[in-house]
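This report concerns only the one structure given below.
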2 protein chains.
Amino acid sequence: MTVSLAEIRRTSGEVFTEGCPTRVVLDHIMSKWGVLVLLALTDGTLRWGELRREVEGISEKMLASTLRQLEADGFVERTSYPEVPPRVEYELTDRGRELMERMLPLVEWVAANAGDVLKADLIAGRG
Amino acid sequence: MTVSLAEIRRTSGEVFTEGCPTRVVLDHIMSKWGVLVLLALTDGTLRWGELRREVEGISEKMLASTLRQLEADGFVERTSYPEVPPRVEYELTDRGRELMERMLPLVEWVAANAGDVLKADLIAGRG
DNA sequence: CAGCATCCCAACAGATACTG
DNA sequence: CAGTATCTGTTGGGATGCTG
């Protein structure tokens, strides 16, 4: 383990350059709703309405644009069934699952430590 | 490995609840500039001016507020030396290093795959 | 050098209404 | 059910100027 940042620099160059591919993709997947939608889909395939209920607080507009973005990036696949009433399912692609393999440990750590972190905020006298 | 989301749910409850601690902390560390500042400090201690140059494109305002936030969360420590001219150094705390241990594999993967991801965007006909 | 204060704007995000 | 359209507003964030 102990991946160094220097190694990332060597491997793929600019992480700190404006507009570099890495920054763009990071912005997509680390966005407020991007993470939560990806997390929701980690459990398995979900329909639009299920996603909406699962990711509490997301608006239809944000769910739509987040899904379009993740779909365009190849992390999520959308399948529409020609039925009445309409049924549409969303699931992670292989690339999406690869991504989530790396993101889950991070989210897990945050979930386990978020309480202490915010306690630190209070001590520091911040909101 | 293969951490499941269900496990996270069991462990620490709500990831999908509005305003829950996990979401708040995720928003701090997954923010556009939060990630990049944390990454920069993963290499080692940096001064204000070095950070500003390192994280290309960040404004003084954003650097300041990002650092205050990460400091309040206990991820970054600020050390001010009473000299003339002033010297201030920023470095990761133990908690910050724990966090980055989980975040680096993710960033590394993104850096390695960002090219392909954006190529997918082009094929899909999106910006 | 390290930063805070101020002004300002565009983009992101919420609410509502409507449609195939 | 699964969206799109539109309208509005909040705020993230940039530019500038000033201070210890």
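One interatomic measurement links the two molecules: CG of Asp27(A) to C1' of dA11(C), which rounds to 13 Å at whole-angstrom precision. One interatomic measurement links the two molecules: CD1 of Ile58(B) to P of dG14(D), which rounds to 8 Å at whole-angstrom precision. Rounded to an integer number of Å, the gap from CG of Leu63(A) to P of dA13(C) is 13 Å.
Residue Arg52(B) is classed as having no contact, given no heavy-atom separation below 4.0 Å to the nucleic acid. Note on Tyr81(A): nothing from the nucleic acid sits closer than 4.0 angstrom, heavy atoms only.
Among the nucleotides dG3(D), dG3(C), dG13(D), the one closest to any side-chain atom of Arg68(B) is dG3(C). Taking only side-chain atoms of Glu60(B), from C-beta outward, the nucleotide of dC1(D), dG17(D), dG13(D) with the closest atom is dG17(D). Residue Lys61(B) has its side chain nearest to dG13(D) when only dA2(D), dC7(D), dG13(D) are considered. Side chain of Trp33(A), nearest nucleotide from dA2(D), dC1(D), dG14(C): dG14(C). For Pro86(B), taking side-chain heavy atoms from C-beta onward, the closest of the listed nucleotides dG20(D), dG3(C), dG14(C) is dG20(D). For Ser59(A), the listed nucleotide lying nearest its side chain is dG14(C); candidates were dG13(D), dG14(C), dA2(C).
Contact annotation: the side chain of Val37(A) approaches that of Ile58(A) to within less than 4.5 Å [non-hydrogen atoms, C-beta and beyond]. Contact annotation: the side chain of Thr42(B) never approaches that of Met103(B) to less than 4.5 Å [non-hydrogen atoms, C-beta and beyond].
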